[in-house]
Amino acid sequence: CHRGRGAFALGALVYCALVYWGAKGSGTMAGSGTAGEPIDIVPMRMAHLEGVLGLGFQLFDVSKMPYTSWSLSSVAGHLDAQPGACWVAERNGEVLGFVLGSMSFDEREDWGDLEWIGLAPSVQGRGVASRLVEACCQALFEAGAARIITDVEQGNEASARMMRRNGFGEGVTVTLM
C-alpha cells in the first residue's frame, strides 16, 4: 500500500496504525509451526514472484481499496527496493505466505513499514505469520528503522492479535474516505 502525504482518501475502511516498539533482534524464526514437514521462512527471491502474487490475489479483494494497488509491479518494487525486508514461507517450494516491508513511511525515512502480509488459510494459526513478521522487522531494524508501523483493517481481529503478540501496539485510527 503506497501512502504518500495526505493519501488516506481510499475508501470507507478504518485502519489502526500499529507501532512496533520491540528491541532489535528479539524473537526467533526457529520452528516449523506445523506438524509434519517444516515450513521454511526464507528471503524472497525472483523465483517467488509468481507464488507471492498469486497468493495475494487469492487473499486480497483487489477491487476494493486499499488492495487495488496489489500488482506484479508492487511486489517486484518491494523486492527491488528493500529485498532484505521481503520474506516468504514455503514448504517444498510452494509459497504459503509472505511479508513485504520497506524503509520509510510517508515523510519518516527512519521508520520501517510492514506493508503487506499474507498467509494461506491452510497454515494460519500455526505461528507462521509471526515468524514472517519477525524476519521482516529484524531486517528493517538492521536497515536503520527506529520504529516499524503496519496497518490492520478494522474487524481483522486475528491479524490485530497476532501483531500485538509480536510487539506492535495500537497507535492511531485513521478513517479512509
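Atom set for the values below is all heavy atoms of this structure, side chains included, hydrogens, waters and symmetry mates excluded.
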Exercise. Do Leu114 and Val99 come within less than 4.5 Å of each other through their side chains, counting heavy atoms only?
Worked result: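 When only atoms from C-beta onward are counted, Val99 and Leu114 do touch, with a gap below 4.5 Å.
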Exercise. Got Asp151 and Glu115 here, is their nearest side-chain heavy-atom distance under 4.5 Å?
Worked result: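 When only atoms from C-beta onward are counted, Glu115 and Asp151 do not touch, as no gap falls below 4.5 Å.
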Can you list everything that forms a side chain to side chain contact (heavy atoms under 4.5 Å, CB included) with [X]? Sequence neighbours excluded, please.
{"X": "Arg161", "answer": "Glu157, Ala158, Arg164, Arg165"}
{"X": "Ala89", "answer": "Ile39, Ile41, Val128, Leu132"}
{"X": "Phe60", "answer": "Val62, Tyr67, Trp70, Phe98, Trp116"}
{"X": "Gln58", "answer": "Leu55"}

What closest approach, in Å, do [X] and [Y] show between heavy atoms, and which atom pair accounts for it?
{"X": "Cys137", "Y": "Phe168", "answer": "SG-CZ, 3.8 Å"}
{"X": "Asp113", "Y": "Thr150", "answer": "OD1-CA, 4.3 Å"}
{"X": "Gly112", "Y": "Ala145", "answer": "N-CB, 3.7 Å"}
{"X": "Ala129", "Y": "Met162", "answer": "CB-CE, 3.9 Å"}
{"X": "Met103", "Y": "Gly144", "answer": "CE-C, 3.9 Å"}
{"X": "Ala85", "Y": "Ser102", "answer": "CB-N, 4.4 Å"}

Side-chain donor or acceptor of [X] paired with backbone N/O of [Y] under 3.5 Å:
{"X": "Ser159", "Y": "Val152", "result": "no"}
{"X": "Glu37", "Y": "Asn92", "result": "no"}
{"X": "His48", "Y": "Arg45", "result": "yes"}
{"X": "Asp40", "Y": "Val42", "result": "no"}

Out of curiosity, [X] [atom1] to [Y] [atom2], how far, rounded to the nearest 0.5 Å?
{"X": "Leu79", "Y": "Met44", "atom1": "CG", "atom2": "CE", "answer": "4.5 Å"}
{"X": "Arg131", "Y": "Cys136", "atom1": "CZ", "atom2": "SG", "answer": "15.0 Å"}
{"X": "Ile148", "Y": "Leu140", "atom1": "CD1", "atom2": "CG", "answer": "4.5 Å"}
{"X": "Leu119", "Y": "Ser130", "atom1": "CG", "atom2": "OG", "answer": "9.5 Å"}

For this session: Would you please name every residue forming a side chain to side chain donor-acceptor pair (under 3.5 Å) with Gln82, sequence neighbours left out?
Result: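 With sequence neighbours excluded, Gln82 shows a side chain to side chain donor-acceptor pair (under 3.5 Å) to no residue whatsoever.
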For this session: Return the set of residues passing side chain to side chain donor-acceptor pair (under 3.5 Å) with Ser73 (not counting sequence neighbours), or none when no residue passes.
Result: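 Applying side chain to side chain donor-acceptor pair (under 3.5 Å) to Ser73 gives Ser71.
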For this session: Please step through side-chain hydrogen bond (donor to acceptor under 3.5 Å, both in side chains) for the pair Glu134 and Asn166, ending with a clear verdict.
Result: CA-CA 7 Å; Glu134 178 61 31; Asn166 284 282; over 6 Å; no
